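Since the structure comes first, as structure tokens, the remarks are kept for the end.
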Amino acid sequence: MKVINEVQEETKSFKSIIEFDAYYRDHKEEMEKQTTQLLNKLYKIEVPDGSVYRITKKNCNKVDGKIKGGEVCLKKVTVQKDDEQPLWEIAIESVKADIASMKAKIEEIKNAVNAVVKVINELQKY
């Protein structure tokens, strides 16, 4: 079986856009010949603030069904940080808090009703 686009090189990580840009200027021709899929397997750009960038291309040509050539650009990808919760989890926690509040109010009403019943029973004795 023939393996196509086997990644033989190690993944290279960059800690800033400037660092990637310097590398890109030195390797511009070879990078523009590769597909964006392969480029994104070979190069990872993650800056210290947690932002992640993917490689994309503009003004591309299609060769043998693959998009090659074109100007290499970076696209910021929104990544959820570990300490951030998805909105649906926040909504569930809000509902749980509302339910807990309702349970507390129901318990208060129950205690008030029991107190009223107790007073009525006392009054019926007299």
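The shown structure was predicted, so the numbers you read here are calculated from the model rather than taken from an experiment.
The distance from the CD atom of Glu93 to the CG atom of Asp98 is 12.0 Å, given to the nearest 0.5 Å. Separating the NZ atom in Lys118 from the CD atom in Glu122 is a distance of 7.0 Å, to the nearest 0.5 Å. Remark: Lys41 NZ to Thr35 OG1 distance equals 8.0 Å, nearest 0.5 Å. From Leu38, atom CG reaches atom CE of Met31 across 10.0 Å, with rounding to the nearest 0.5 Å. Considering CG of Asp49 and OG of Ser16, their distance stands at 11.0 Å, rounded to 0.5 Å. Between the OG atom in Ser51 and the NZ atom in Lys76 there is a gap of 3.5 Å [rounded to 0.5 Å].
The other members of the hydrophobic cluster of Ile99, by chain and number, are Val95 (side-chain heavy atoms under 4.5 Å, ILVMFWY only). In the hydrophobic clustering, Val117 connects to Ile109, Val113, either directly or through intervening members, whenever side-chain heavy atoms lie under 4.5 Å apart.
The environment of CG in Leu123 is crowded: more than 12 heavy-atom neighbours from other residues, nucleotides or ligands sit within 6.0 Å.
Contacts classified as salt bridge (Lys or Arg N to Asp or Glu O under 4.0 Å) and involving residues 101-114 (residues at least two apart or in different chains) are not found. Every pair passing salt bridge (Lys or Arg N to Asp or Glu O under 4.0 Å) that includes a residue from residues 13-23 is listed here, sequence neighbours excluded: Asp21-Arg25.
When the side chain to side chain contact (heavy atoms under 4.5 Å, CB included) test is applied to Ile120, the partners found at least two apart in sequence or on another chain are Val116, Gln124. A search for side chain to side chain contact (heavy atoms under 4.5 Å, CB included) contacts involving Ile92 returns Trp88, Lys96, not counting sequence neighbours. Residues meeting the ring-ring contact (aromatic ring centres under 6.0 Å, His included) test with Tyr53, sequence neighbours left out: none.
In this structure, the side chains of Thr56 and Val72 stay at 4.5 Å or more apart for every pair of heavy atoms. Thr11 is not listed as a side-chain neighbour of Leu42, based on a closest heavy-atom distance of 4.5 Å or more.
Using bins of under 30°, 30° to 60° and over 60° for the plane-to-plane angle, the ring pair Phe20/Phe14 lands in the perpendicular bin.
Taking the ring centroids of Tyr43 and Tyr24, they lie at or beyond the 6.0 Å cut-off.
Between Arg54 and the choices Thr36, Val77, Leu74, the side chain to side chain contact (heavy atoms under 4.5 Å, CB included) rule is met once, by Val77.
Scanning both residues, Gln34 and Glu30, for their nearest heavy atoms gives CG-O, 3.3 Å.
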